[in-house]
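Here is the structure we will look at, set down as structure tokens.
Note that the coordinates shown come from a computational prediction; the quantities given were computed from them, not determined experimentally. Atom set for the values below is all heavy atoms of this structure, side chains included, hydrogens, waters and symmetry mates excluded.
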Amino acid sequence: MEEKILNGKKNGMKVLLTIIAVYVLDIALFAYTVSHVQGAETPLLVAGLVISILVFCTAWIFLCGLKVLRPQEALVLTLFGKYVGTLKDSGFYFVNPFCAGVNPAAKTRLSQSGDVSETGSGMAVLMGAAQGMGTNVVIESNKLSLKIMTLNNSRQKINDCLGNPIEIGIAVTWRIVDTAKAVFNVDNYKEFLSLQCDSALRNVVRIYPYDVAPNVDTTGDGIADEGSLRGSSEVVASRIRDEIQARVKEAGIEIVEARITYLAYASEIAAVMLQRQQASAVIDARKMIVDGAVGMVEMALERLSEKGVVELDEERKAAMVSNLLVVLCGNKDAQPIVNSGSLY
């Protein structure tokens, strides 16, 4: 299905003024014929009366052909089931009164902009409240929004490449670029987009581990790398966006951006993984402390030997090294013990 843009249809104001003028003349004709037909029922006056009644009853049909479009709105028109074209530019249009606007996703409500607080094209009228009924009457519209919208699907529980269950959520910004494909190629373009987002998210997340893991290839080149969901969020988001775009191209939708909005281990393993991360952090910190302490001990022994401050045998050096490592690697401040006697 190819999109056809309708141009040169901005005659809405002219047609509206013409219809108003026709009704004014028709009312005048009706009043004239009624006032004169009582005196003499001539065929001409009777015909005028019949014509005025017919015009009054049928002229309103042309009002159905008046369409108003705001910026970044589109209207897909069909005539008795045949696709006529699409109105895209903002303005006041007049089209065939029998043309109908088509938008299969007008009543679909998702967790996205345009559906959270608005209905259809954004017209929600509270009717009956003044009468104490408290009833919400919603006016639906078949216009398509061409604005950039954000879809925020619910969080999903997915196993990463190591089998660990994680919870992840994404926000996808998208817009319609081909109205004919969006309306006619898929049954409901909003539901179609939401389903493809979930499917693409699962396919991409299964390639990556939550955190950096050894011997894991996330690029498909056969070489282990350091890709992960937590550390390579930009790369993962880009792959998710490309995956979704490839799936929704036939629906006339362009994916502007995809971002990870939530990422965490699933609740059943969150506590264990937190302990694992804490243990890993403690080990790394201890390793750094020990490396630094060994370097400081080596420097101390070299400086004492160079300056000739004291001569230490191997046994005294071992004792000094032990004491320095205890002081440097301990979690608490050392409490010195002063020896007032002889060292020997």
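- Residues L195 and L110 are members of separate hydrophobic clusters, defined by side-chain heavy-atom contacts under 4.5 angstrom among Ile, Leu, Val, Met, Phe, Trp and Tyr.
- Salt bridge annotation for E243-R239: absent, with no cationic side-chain nitrogen under 4.0 angstrom from a carboxylate oxygen.
- Hydrophobic clustering of Ile, Leu, Val, Met, Phe, Trp and Tyr side chains at less than 4.5 Å, counting indirect connections, unites L146 with V248.
- Heavy-atom minimum distance, A213 versus L162: CB-CD1, 3.7 Å.
- Atom CD of E257 has more than 12 heavy atoms from other residues, nucleotides or ligands within 6.0 Å.
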Next item on the list: Could you please spell out the steps behind the ring-ring contact (aromatic ring centres under 6.0 Å, His included) verdict for F30 and F56?
Entry: CA-CA 9 Å; F30 180 80; F56 186 83; 7.9 Å; no

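- Counting only distance, with no hydrogens or angles, the side chain of Y23 and the backbone of W60 share a donor-acceptor pair below 3.5 Å.
- Tracing side-chain contacts under 4.5 Å through hydrophobic residues (I, L, V, M, F, W, Y), one never reaches Y83 starting from L6; they form parts of separate clusters.
- For the pair V172/I240, no side-chain contact is recorded, criterion being any heavy-atom separation below 4.5 Å from C-beta on.
- In plain terms, the two heavy atoms of A105 and N188 that are nearest each other are CB-OD1, 3.3 Å.
- Heavy atoms of other residues, nucleotides or ligands lying less than 6.0 angstrom from CZ of F98 number 12 at most.
- Residue I168 forms a side-chain contact (heavy atoms from CB on, under 4.5 Å) with just one option from V204, I260, V236, T261, and that option is I260.
- Atom-to-atom distance recorded for L229:CG and I166:CD1 is 4.5 Å, nearest 0.5 angstrom.
- From M149, atom CE reaches atom CZ of R175 across 11.0 Å, with rounding to the nearest 0.5 Å.
- Among D178, V177, V183, the one residue that satisfies the side-chain contact (heavy atoms from CB on, under 4.5 Å) test with E3 is D178.
- Checked by atom type and distance alone, the side chain of D225 pairs as donor or acceptor with a backbone atom of T218 at under 3.5 Å.
- Judged by distance alone, with hydrogens and angles left aside, the side-chain atoms of D160 form a donor-acceptor pair with the main-chain N or O of Y210 at under 3.5 Å.
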Note to self: Show, in sequence, the C-alpha distance, side-chain angles and deciding distance for D211 and S228, and conclude whether the side-chain hydrogen bond (donor to acceptor under 3.5 Å, both in side chains) test is met.
What the structure shows: CA-CA 5 Å; D211 212 340; S228 66; 4.5 Å; no

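- Using a 4.5 Å cut-off on side-chain heavy atoms (C-beta onward), L63 and V15 make no contact.
- With hydrogens and angles disregarded, no donor-acceptor distance shorter than 3.5 Å links the side chain of K143 to the backbone of G101.
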Report, one line per pair, each donor and acceptor closer than 3.5 Å where one atom sits in a side chain of residues 293-300; sequence neighbours left out.
none

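- Crowding of K249 atom NZ: a count of heavy atoms from other residues, nucleotides or ligands under 6.0 Å not exceeding 12.
- K4 NZ: more than 12 foreign heavy atoms inside a 6.0 Å radius.
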Next item on the list: Walk me through it: do N203 and R247 pass the test side-chain contact (heavy atoms from CB on, under 4.5 Å)?
Entry: CA-CA 12 Å; N203 287 342; R247 294 169 179 264; 2.6 Å; yes

Margin query: Before you tell me yes or no, could you show the steps for D89 and N7 under side-chain contact (heavy atoms from CB on, under 4.5 Å), namely the whole-Å CA-CA distance, both residues' side-chain angles and the distance that decides it to 0.1 Å?
Written below: CA-CA 8 Å; D89 195 12; N7 298 317; over 6 Å; no

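- Comment: E234 engages R259 in a salt bridge, judged by a side-chain N to carboxylate O separation of less than 4.0 angstrom.
- Atoms CG and OG1, from L144 and T179 in turn, are 6.5 Å apart once rounded to the nearest 0.5 Å.
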Note to self: Evaluate L75 against T86 for side-chain contact (heavy atoms from CB on, under 4.5 Å), listing each step before the verdict.
What the structure shows: CA-CA 6 Å; L75 184 62; T86 302; over 6 Å; no

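- Rounding to the nearest 0.5 angstrom, the gap separating the CD1 atom in I255 from the CD1 atom in I244 is 5.5 Å.
- Taking every heavy atom of both residues into account, C161 and I207 meet most closely at CB-O, 3.6 Å.
- Here the side chains of E254 and Q245 are in contact, with some heavy-atom distance below 4.5 Å.
- Taken together through direct or relayed side-chain contacts under 4.5 Å among Ile, Leu, Val, Met, Phe, Trp and Tyr, M13 and V22 form parts of separate hydrophobic clusters.
- With a 4.5 Å cut-off on side-chain heavy atoms, F192 and N185 do not count as touching.
- Closest of all the heavy-atom pairs between C64 and P97 is CB-O, 4.0 Å.
- Taking all atoms of both residues into account, the shortest heavy-atom contact from S90 to P71 is CB-N, 3.7 Å.
- Taking both residues in full, the closest heavy atoms of A258 and R241 are given as CB-CB, 3.9 Å, listed atom of the first, atom of the second, then distance.
- Other residues, nucleotides and ligands contribute more than 12 heavy atoms inside 6.0 Å of the CG atom of D221.
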Notebook entry, point to check: Given L87 and V95, is the side-chain contact (heavy atoms from CB on, under 4.5 Å) satisfied, shown in steps?
Noted result: CA-CA 10 Å; L87 300 176; V95 297; 4.0 Å; yes

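- Note: L263 CG to I170 CD1 = 12.0 Å, rounded to the nearest 0.5 Å.
- The same ILVMFWY cluster, assembled from side-chain heavy atoms under 4.5 Å apart, contains both F92 and F62.
- For the atom pair CG (L79) and SG (C99), the distance works out to 4.5 Å, reported to the nearest 0.5 Å.
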